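Inspection log for the structure reproduced underneath, given as structure tokens.
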Protein chains: 2
Amino acid sequence: MAEVHQGRELGGPISRLPLAHVARRLQDMRNMLLYKEVKEKIIQALSEGKWQAGDKLPVESDLADMYGVSKSTIRAAVGELVDANILVRKQGKGTFVATEKVSRNLYRFFHLVDASGKRHYPVRQLLSISREAATEKTIDALQLYRYSDRDVFSIHMLFKINGRAVGRSNPCVPVALFPGLDAKEFQPDDVSLYSLYHTMYNINVIRVEANVGVSSATPAVARELGVRPQAPLLRIERIAYTYQDVPVEYRTILLDTSEIQYRIEQGSSV
Amino acid sequence: MAEVHQGRELGGPISRLPLAHVARRLQDMRNMLLYKEVKEKIIQALSEGKWQAGDKLPVESDLADMYGVSKSTIRAAVGELVDANILVRKQGKGTFVATEKVSRNLYRFFHLVDASGKRHYPVRQLLSISREAATEKTIDALQLYRYSDRDVFSIHMLFKINGRAVGRSNPCVPVALFPGLDAKEFQPDDVSLYSLYHTMYNINVIRVEANVGVSSATPAVARELGVRPQAPLLRIERIAYTYQDVPVEYRTILLDTSEIQYRIEQGSSV
DNA sequence: CAGTGGTCTAGACCACCGA
DNA sequence: CGGTGGTCTAGACCACTGA
């Protein structure tokens, strides 16, 4: 039988050497899956600008040859990049580097519904953004000891539905991860900050942890939301993480839930 | 070449007919992926009790033979069930039907933390259980039109941490799905109602939808929780679903979040 | 050691796209 | 029609488990 795939580098001269595979054998799969290695290499090539936003990648069989792996392995690697909104597959056309609008990440972790259960998509209004020293709590949440620069950009924004303010949010992100963020233009039609993080800084939020409680409105917040001072508000304190559990954003959301409610879905449908 | 896999049912008598595959060819893949079909069939077998909680499933190659597909397809199907916490894979041992304990289902959808982020596991205290006619809202949430008997069992219980009541819950379940529930003994050491649903009725909650807002305490609730009347409470209205999006429980949770907060985790770590 | 899940390969055939 | 991504197969070899 010449069917011994995994040992055939010993069998004699073969034109297409599965280099990645050989390397993996040699290092005894120290830590990473082959398709993960390929994924990292593709990310590397992307960050080096080998393929720019909107560009078409080589077809999958060519990618397989380029990286010395099978098409299935390429598909696993590319598949995760598609899940991460970094690449986009188009059947019959090819695989492309994602552009901003393509990733409809919008409100993946933030859903609002009214009493009837109907989903609402608030528009956000940027009030301010400034560079600040982080508070104790923020240092802890964002693990700022990772960086030499421990300042954060502190953003204030409002959520509005039908012109009425229903909530406000105060995201803080490490300056070290988002250099120059305060100088970027915030497009009012950007659907969410997370899509901005992705398109401008290639940082993907893949997971969030949130603590939910009740707060009463301070005078300033009451003015912003048009409620009476001391009015009870839903308070959501949320940490957003990217790969390898690196926290990238800490935000406090305050919601007036008299007309809308915060929606959570957990578990997967079968 | 005898390598034409997909057409070999035309080649003559073959011992192992890939029935699922042939069927799929015949119906021209009307809508579903093969591995999704297999997944559905496994779910069907599970809901019929073919494999009970904790049971070991046949090895993957046997499953492949049973369903007339390849091991890769079985792995795709089983993999999604593992992701959904329905099955558990153990390398070198086998694949098993998830138990509450293994899947850490207890409080899977209900986490409480204090200000320092420390997790707390409240004890629950049953106040009452009674058979009632469902309200409009409950009929809607539980889709009671599915059943001829549209009554529900309405349960009242308290959550306590260190002896102090921090919340109360009012689960309602269809009498049609949980016959005789009011006569069952509720062990105070049952970790959650969901484990009871699972062990006594073989009903697995795999997904929840929740709407979160703020309410003020009615006099009765204020007495239960030891807060002043009108005190703001976190209100969680939650529908729990089993397989095939069948709702099995509708509950309203009221929490005093002055000392604890409701914890949500979404997305998966990579 | 045998049995099991975990990873990967090579290649077949499909559905879809646009010229 | 050719090119592309999408799905599936058969089988090899690996790492892990427990007797």
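Every chain is numbered from 1 and lettered A, B, ... according to where its sequence line falls, protein lines coming before strand lines. Here the structure is a predicted model, which is why all the values come from computation and not from measurement.
Legend: residues meeting side chain to side chain contact (heavy atoms under 4.5 Å, CB included) with B/Gln91, ordered by chain and number and at least two apart, are absent. With sequence neighbours excluded, no residue forms a salt bridge (Lys or Arg N to Asp or Glu O under 4.0 Å) with A/Lys93. By the salt bridge (Lys or Arg N to Asp or Glu O under 4.0 Å) test, A/Arg263 pairs with A/Glu265, B/Glu209, sequence neighbours left out. Applying the side chain to side chain contact (heavy atoms under 4.5 Å, CB included) test to A/Pro179 and every residue at least two apart in sequence or in another chain returns A/Tyr201.
Along DNA chain D, the nucleotide nearest A/Lys71 and the nucleotide nearest B/Thr73 are compared for position; the residue whose nucleotide lies closer to the 5' end is A/Lys71. Checking B/Pro58 against A/Ile74, the closest nucleotide of DNA chain C that is more toward the 5' end is the one next to B/Pro58.
One can place CG of B/Asp65 at 16 Å from C1' of D/dC8, the figure rounded to the nearest angstrom. The OH atom of B/Tyr67 sits 16 Å away from the P atom of D/dC8 (whole-angstrom rounding). Distance, A/Phe96 CZ to D/dG3 P: 16 Å, rounded to whole Å. In this entry the distance linking NZ of A/Lys39 with C1' of C/dT7 reads 16 Å, nearest Å. When the P atom of D/dG5 is taken as reference, atom CG of A/Asp62 falls 9 Å away, rounded to whole Å. We find that CZ of A/Arg89 is positioned 15 Å from C1' of C/dC16, with the value rounded to whole Å. A straight line from CG of A/Leu57 to P of D/dG3 spans 19 Å, rounded to a whole angstrom. With rounding to whole Å, A/Leu87 atom CG is found 11 Å from D/dG5 atom P.
For the atom pair CE (B/Met66) and OG (B/Ser61), the distance works out to 11.5 Å, reported to the nearest 0.5 Å.
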Can you check nucleotides 17-19 of chain C for protein contacts, nitrogen or oxygen pairs under 3.5 Å, and list what you find?
from: C/dG18; atom 1: OP1; to: A/Lys93; atom 2: NZ; distance (Å): 3.3

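Considering only the side chain of B/Tyr35, D/dC8 comes nearest among D/dC8, D/dT7, C/dT9.
Contact between the side-chain N/O atoms of A/Arg75 and the OP1/OP2 oxygens of D/dG5 is not found at any separation under 4.0 Å. Between B/Thr95 and C/dG5 there is a side-chain polar atom (N or O) within less than 4.0 angstrom of OP1 or OP2.
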Would you tabulate the side-chain donor-acceptor contacts of residues 51-58 of chain B under 3.5 Å, counting partners in other chains and residues two or more places apart, or write 'none'?
from: B/Gln52; atom 1: NE2; to: B/Gly49; atom 2: O; distance (Å): 3.0
from: B/Asp55; atom 1: OD2; to: B/Gln52; atom 2: N; distance (Å): 2.8

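At a threshold of 4.0 angstrom between heavy atoms, the contacts of A/Ser61 with the nucleic acid are absent.
Side chains of A/Ile203 and A/Tyr194 form no contact here, defined as non-hydrogen atoms less than 4.5 Å apart.
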